[in-house]
Amino acid sequence: MTEPDSTAAATAPDRLFLVDGSGYIFRAYHSLPPMTRPDGTPVNAVYGFTTMLMKLLADMDAERVAVIFDKGRKTFRNEIHPDYKGHRPDAPEDLVPQFPIIRDAVRAFNVACVEMEGFEADDLIATYAKQARARGIDVTVVSSDKDLMQLVRDGVALFDPMKNRPIGPDQVREKFGVGPDRVVDVQALAGDSSDNVPGVPGIGVKTAAQLIEEYGDLESLLARAGEIKQPKRRQNLTEFADQARMSRDLVLLRDDVDVPEPLEGFDVRQPDPDALRAFLVENGFKSVLAKVEGDLIPKPGDGGGAAADPVAEATSAAAAYALVQDIEALRRWVAEARDADVVAIDTETDALSAMRGGLVGISMATAPGRACYIPLAHKGGGEGQLDLGGGGTEAPRQIPLDACVAELKDLLLNPGVLKVGHNIKYDLHVLARVGLEVAPVDDTMVLSYVLDGTRLGQGTHGLDDLAERHFGHAMIAFKDVCGSGKTQITFDRVPLDKAVEYAAEDADYTLRLHRLLKPRLIEERMVTVYETLDRPMVPLLATMERAGIKVDPAVLKDLSKTFAARIGDLEDEVHRLAGHPFNIGSPKQLGEVLFDEMSLQSGRKSSKTGAKSTGADVLEDLAAQGHDLPARVLDWRQFSKLKSTYTDALVEDINPDTGRVHTTFGLTGTSTGRLSSNDPNLQNIPIRTEEGRRIREAFVAEPGHVLLSADYSQIELRLVAHVADIKALKEAFHHGADIHAITASRMFGEPVEGMDPMLRRRAKAINFGIIYGISAFGLSRQLSIPRGEAQRFIDAYFQEFPEILDYMERTKDEARKHGFVRTLFGRKCWAPGINDKNPNARGLAERAAINAPIQGGAADIIKRAMVKLPDALTEAGLGARLLLQVHDELILEVPEAEADQTAALVRKVMEGAASLSVPLVVDTGTAGTWAEAH
DNA sequence: TTTATCACG
DNA sequence: GACGTACGTGATAAAG
């Protein structure tokens, strides 16, 4: 909010924002799926542009702003060089009609809009920037176009709206290897193939930067071209000197254009309410209208009071938070929440662990900026944390816990009041422990995950992150309230005046986020994924976590002993073979023993840091050559891993109150829609080796119960067959036989009966490779065969199942166009890096994009099964409860007498969770331990 | 806090 | 023609 302030105006220079409108248009177009307004006109770019413009207007701090567009394709540059930008494809058909509507959008917001025949937007931007500087006005150019980098100088900054960061001289130097003032010279030499700027043959950006660094500028270089040592380069610089000069004229922006509108016209103005409303209504942008109504424009029939724009509210609403210390005040808040229909809640606890943290207080928000905190278990204790008796003050006045529980009970179960939390699964646990159930719920963390996924990296759905990203608001940090490290205190020791500010703010911003994110589900077509898959998972996962799984500590301790003995023996032997003791667990020390002292040759790669790899594949190679030490190290590693990560650690994870292990399932961490499991991770309990598998013997059922394991057979490969529509593969699944053997039979032309196991093994590896986005390198490494041979296998596979190639290309195209791919059920899996200029990073993103609909589709299917399961069990009158999910497997605890009936029902629900063009098949097993049930 | 390794699907 | 890769997770110990 900029207030007229004469003193500030006198000291801080005015600021002008110049927006590269054409850049915005293409970004908006390519980042959004097709959308049309009621009359059929495509408007996805208009919509994206509008929201981007709104965000910019809300965020920027400037007295003047203008959006600059290109006009027509012919400019003065075509007179210099007829082919300039000649190879640019025409704008997409459904984008063309959106150009004029986007001009309307700018005018609807009452923002100046400039374009001029014969000049590019960049020339107008350069001209206005120069004029503004001459008058002492600071300029920010909003664009990520590299051609504008030449403008960067004192008082002229570039801002990349895509990456949300300024582009300064350092970034320019990173891109061009020279400062902004020499960018033009480098571009003139290097040319630009996408714009048909020829440059000088054989010279790229790197070489150009080097030459300019050495010779100062283009003319000096051309004049002294004869001094160049490399003969070809010298010849080219001489021969193509004029072409370089012409290229410079092409890339050099004109800053003396006779612009159609003076700077004075760029003053920031409030939009005309009627015009803005008319524009939004005409284009069907109801959600945008709802956002701006009451803030930028008054609502019809509204005095103009309540702000309805979540962004504006968050930045402007001066929040005053209430401390609730008596029953009457609590009742008023409960009534207010009931009337509001939506209430955000948040709990504060005395420990991080969801299963153990005790309730310290509850906060509620009923409207943006309107929130309260109800302390329940705060202690006294004074300012000093060193409370060695004596100095402690009395505990503050608080509502007794049971009285508060009684007051909240109805509200939290009221089906007409939506309870919103950020990671509300945590609060469900805490509240359950004081006897409070909560329904229905929404979760802003899950909403953010469903909408934005891993687009901006992983772990970016924290409340602090989101408040900053969406509202530019810095939340009070937990450590500012409780400290950190040794001096950290628990929340029940925080004085109430600080506690209320911290706790109520969490509820407040959770509510604001909910208002911002929930409408996006419809706009971005994510309603089904959220409502039928991820939202129902929240209470379900909470009950699974609370159930936990029984673990027998005696079995684990026994195994620990056995493993310790083996580790000790192996350690002695390794040290004897090495001739001296060393830390086997240190890759660095092990590498020295193997490669320096014993002079073994690592046939394998060395890692990034330059150190030689001692990974299992390397050690296996060495062991196969007959070396004992690496063979023993492999055994040592296996037992160390099993002991430290599993047998020792799991005993510590047994909850003393329940005798069970309670994992936390992550619903918002993965790029594909899978769950994750942590603290402890129960999705990676060993199974592949005999010794490791014994750990599963410690996972047991309660007396009178058995564990039921039900897992999907080949679900990912079945999804490949369905999604890529591979006829031969679908047929094979319909016949229900050994899929890898059938694959081998088709590829190698051998009958399934009496097949060489090696052929089947190879086919199996290829089937897995397909799921991962196959490469000859990866397959050759997996099978230890030469790359050429791997390539021939892949070719044979494509020959037999040609549809797979088409799927791979289609998927990559989709990822490149939208930045994400969708699963069968519509979940977006983001593919950051898909257009990376680094071919390595791009390849990685491409393979991930190929894998995502497969892995993510399987994740969607098992989620559907999980959501259906509790009701199906209840209806059948069965007492089983779901305990764990391991990607394609569900583990339930079942009354012994109901084992068979439950197994049949679980299989039916899982197999019916999706209807594909191939059957889904589920295998089940029941036993007293997980080892036997699987 | 980052890196290497290895457990799972 | 070289590049350098199989997809997705989390926990541990070593080392910076």
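Within every chain, numbering begins at 1; the chains are lettered A, B, ... in the order of the sequence lines, protein sequences first and strands thereafter.
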_Lys/Arg N to Asp/Glu carboxylate O, A:Lys817 vs A:Asp813, below 4.0 Å_ = no

*What is the distance, rounded to the nearest whole Å, between atom CZ of A:Arg696 and atom P of B:dG9?*
6 Å

*Base, sugar-phosphate, or nothing: which does A:Ile685 touch, judged by heavy atoms less than 4.0 Å apart?*
sugar-phosphate

*Please determine, for the side chain of A:Thr645, which listed nucleotide (C:dG8, C:dA6, C:dA11) has the closest atom?*
C:dA11

*With sugar-phosphate meaning primed atoms plus P, OP1 and OP2, does A:Ser644 contact a base, only sugar-phosphate, or nothing at under 4.0 Å between heavy atoms?*
sugar-phosphate

_Counting only Watson-Crick pairs (N1-N3 plus N6-O4 or O6-N4) and G-U wobbles (N1-O2, O6-N3), all under 3.5 Å, who is the partner of C:dA2?_
none

*Could you label the plane-to-plane angle of the A:Phe793 and A:Phe748 rings as parallel, tilted or perpendicular, counting under 30° as parallel and over 60° as perpendicular?*
perpendicular

*Between C:dA11 atom P and A:Leu682 atom CG, what is the distance in whole Å?*
10 Å

_Please determine whether a side-chain nitrogen of the Lys or Arg among A:Glu716 and A:Arg674 lies less than 4.0 Å from a carboxylate oxygen of the Asp or Glu._
yes

_In whole Å, measure the gap between the P atoms of B:dT3 and C:dT5 for me._
15 Å

*Could you check which of C:dC3, C:dA11, B:dA7 has an atom nearest any side-chain atom of A:Tyr646?*
B:dA7

_Regarding A:Asn684, tell me which of base, sugar-phosphate or nothing describes its non-hydrogen contacts under 4.0 Å with the strands shown._
base

*With rounding to whole Å, what would you report as the distance between C:dA2 and B:dC6 at their C1' atoms?*
31 Å

*Below 4.0 angstrom from OP1 or OP2 of C:dT9, is there any side-chain N or O of A:Thr672?*
no

*Quick one: label A:Gly843 by what it contacts on the DNA or RNA (base, sugar-phosphate, nothing), any heavy atom closer than 4.0 Å.*
nothing

*Quickly work out the A:Ile695 CD1 to C:dA11 C1' distance and round it to whole Å.*
13 Å

*For A:Arg787, report the nucleic acid contact type (base, sugar-phosphate, nothing); a contact means any heavy atom under 4.0 Å.*
base

*Please evaluate the base of C:dT5 for a donor-acceptor partner in the side chain of A:Arg847 within a cut-off of under 3.5 Å?*
yes

_Rounded distance in Å - CG (A:Leu719) to P (B:dG9)_ = 18 Å

*Which is true for A:Ala858 with a 4.0 Å heavy-atom rule: it touches a base, it touches only sugar-phosphate, or it touches nothing?*
nothing

_Counting the atoms with a prime plus P, OP1 and OP2 as sugar-phosphate, which does A:Gly585 contact under 4.0 Å by heavy atoms, base, sugar-phosphate, or nothing?_
sugar-phosphate

*Would you call A:Lys812 and A:Glu809 a salt bridge, using N to O less than 4.0 angstrom?*
yes

*C:dT9 phosphate, OP1 or OP2: any side-chain N/O from A:Ser671 under 4.0 angstrom?*
yes

_Closest to side chain of A:Asn840, choosing from C:dT5, C:dC7, B:dT5_ = C:dT5

*Using whole Å, report how far CG of A:Asn678 lies from C1' of B:dC8.*
14 Å

*For A:Ile687, answer base if it contacts any base atom (sugar-phosphate contacts may also be present), sugar-phosphate if it contacts only those atoms, and nothing otherwise; contact means non-hydrogen atoms under 4.0 Å.*
sugar-phosphate

_Listed nucleotide nearest any side-chain atom of A:His887, set B:dA7, B:dG9, C:dC3_ = B:dG9

*Candidates B:dC6, C:dT5, B:dC8 - which lies nearest the side chain of A:Phe777*: C:dT5

_If the condition is side-chain contact (heavy atoms from CB on, under 4.5 Å), which residues does A:Ser484 pass it with, not counting sequence neighbours?_
A:Lys479

*Is the distance from OP1 or OP2 of C:dG10 to the nearest side-chain N or O of A:Ser676 less than 4.0 Å?*
yes

*asked:* Between A:Asn851 and A:Ile771, is there a side-chain heavy-atom distance shorter than 4.5 Å?
replied: yes

*asked:* Counting only side-chain nitrogens and oxygens, does A:Arg688 get under 4.0 Å of the OP1 or OP2 atom of B:dC8?
replied: yes

*asked:* Please give the distance between the P atoms of B:dC8 and C:dC3 as a whole number of Å.
replied: 34 Å

_Whole angstrom value for the distance that separates C1' of C:dA14 from NZ of A:Lys641_ = 13 Å

*When we call it a touch if two heavy atoms are under 4.0 Å apart, what does A:Ala790 touch: a base, just sugar-phosphate, or nothing?*
nothing

*A:Phe582 and A:His580 aromatic ring geometry - parallel, tilted or perpendicular at 30°/60° bounds*: tilted

*Under a 4.0 Å N-O cut-off, is there an ion pair linking A:Glu893 with A:Lys550?*
no

*Would you kindly compare A:Ser677 and A:Ser586 by the position of their nearest DNA chain C nucleotide and give the one closer to the 5′ end?*
A:Ser677

*Check every strand shown and say whether A:Ala859 touches a base, only sugar-phosphate, or nothing at a heavy-atom separation below 4.0 Å.*
nothing

*Round to the nearest Å and state the distance from A:Leu619 atom CG to B:dA4 atom P.*
15 Å

*asked:* If you only use heavy atoms from C-beta on, which nucleotide in C:dG8, C:dA15, C:dA6 is closest to the side chain of A:Asn851?
replied: C:dG8

*Looking at the side chain of A:Ser613, which of B:dT5, C:dA11, C:dC7 is the nearest nucleotide?*
B:dT5

_Please report the distance, rounded to the nearest Å, between CG in A:Asn583 and C1' in B:dA4._
13 Å

*A:Pro839, nearest nucleotide to its side chain (from C:dC3, C:dT5, C:dG10)*: C:dC3

